[in-house]
Amino acid sequence: MTEARTGGLADSRLDSRFRIELPAQVVSIAVGRSVIRRVVTFVDEDAQSSFLVAFTEVMANAIDEHRRIGSDDAVGIEVCFGSDDVVKIIDRGEGFQPDDIEMIHDGVTERGRGLALARAFVAGLTIASGPTGTTASLPLAGCGIVR
Amino acid sequence: MSASEHRLDLEITVSGTLGAPIATMKVIGEFDRLQVVRFDQAATSLPAALTELTVDLTETTIIDSAGLGSLIRLRHDLDRIDARLSVIVSKPFQITVMRVGGLVEFLGVSEV
């Protein structure tokens, strides 16, 4: 389920990562948050809440995508640490264009705010999406570090 | 880190008069997709003659878009009975959630 790879002695950055695979179920969002709380030291409680809200939204999108296409595949959470600390969420959906997501601000509709919230809390959030899946990268810079 | 930060607790108080009850609903912990069902169920238990409801989010540790959706539904339900909704927040991330969600005015959000 997990794998850890460390750089050799010649790699001065000693970049490392570990990855877990979680079922595409809503409870996996809470499990993912617990993992992040365990391995990340946040600047303060507000930074923790902010990052975890972003994580929650992105993870929810990944789970929704798997459900939408009827996939039994797991959703991956990868924590990369070393020169840059980043949390990645990897789904195996059919991809989307992040810029095509309509931002809802009219106070009436109940949906459509997830990606806007994620971007508001993690300014460096990037999304790479294609026909075989989407990887969202949430840098921890400014929020915390992997301990 | 306390265990309460990883679940949702709800405290509901009702005051006012029988003819004009006022309620406060305090949400503690993670107000997210996993927990909104409990919030929605609690909201349905409020008096039908309610005139005013305050939702206190100051002790939430997570508010996601599902939580916002629940608050929007609540606002619509209260509109049907002519009851007023106000939401109070205190932490920077809570304020940001409301602002980015475009819901400060719609939900009657104020900062304490």
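Per chain, numbering begins at 1; letters A, B, ... match sequence-line order.
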_Within residues 82-92 of chain B, residues adjacent to chain A where the heavy-atom gap is under 4.5 Å_ =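 Hits under 4.5 Å: B:K91, B:P92.
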
State plainly whether one hydrophobic cluster holds both [X] and [Y], where clusters connect Ile, Leu, Val, Met, Phe, Trp and Tyr through side-chain heavy atoms under 4.5 angstrom apart.
X	Y	answer
B:L78	B:I12	yes
A:V43	A:I36	no
A:V35	A:V27	no
A:I90	A:V87	no
B:V37	B:F39	no

_Please identify, among A:V53, A:D46, A:T56, the residue contributing the most non-hydrogen atom pairs under 4.5 Å to chain B._
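Ranked by heavy-atom pairs under 4.5 Å with chain B, first place is A:D46.
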
*Roughly how far apart are A:F55 CZ and B:I62 CD1, rounded to 0.5 Å?*
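Output value for this atom pair is 10.0 Å.
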
*Approximate separation, where rounding is to 0.5 Å, of B:L103 CG and A:R113 CZ*: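 Separation between the atoms: 4.5 Å.
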
Shortest non-hydrogen separation from [X] to [Y] and the atoms involved:
X	Y	answer
B:L34	A:A30	CD1-CB, 3.6 Å
A:F121	B:F93	CZ-O, 3.5 Å
B:R33	A:A60	NH2-CB, 3.5 Å

*Distance-only, no hydrogens or angles: does the A:E57 side chain make a donor-acceptor pair with backbone N or O of B:S65 under 3.5 Å?*
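Pair found, side chain donor or acceptor close to backbone of B:S65.
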
_Using side chain to side chain contact (heavy atoms under 4.5 Å, CB included), reason through A:L117 and B:L68 one step at a time and then give a plain yes or no._
CA-CA 11 Å; A:L117 284 175; B:L68 295 181; 4.1 Å; yes

*Using non-hydrogen atoms only, which part of B:I63 is less than 4.5 Å away from chain A: side chain, backbone, both, or neither?*
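When you check distances to chain A, only backbone atoms of B:I63 fall under 4.5 Å.
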
_Interface moiety of B:D32 toward chain A, non-hydrogen atoms closer than 4.5 Å_ =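 The answer is the side chain of B:D32.
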
For residues 138-147 of chain A, which side-chain N or O atoms pair as donor and acceptor with protein atoms under 3.5 Å away, sequence neighbours left out?
{"from": "A:R147", "atom 1": "NE", "to": "A:R38", "atom 2": "O", "distance (Å)": "2.9"}
{"from": "A:R147", "atom 1": "NH2", "to": "A:R37", "atom 2": "O", "distance (Å)": "2.7"}
{"from": "A:R147", "atom 1": "NH2", "to": "A:R38", "atom 2": "O", "distance (Å)": "2.7"}

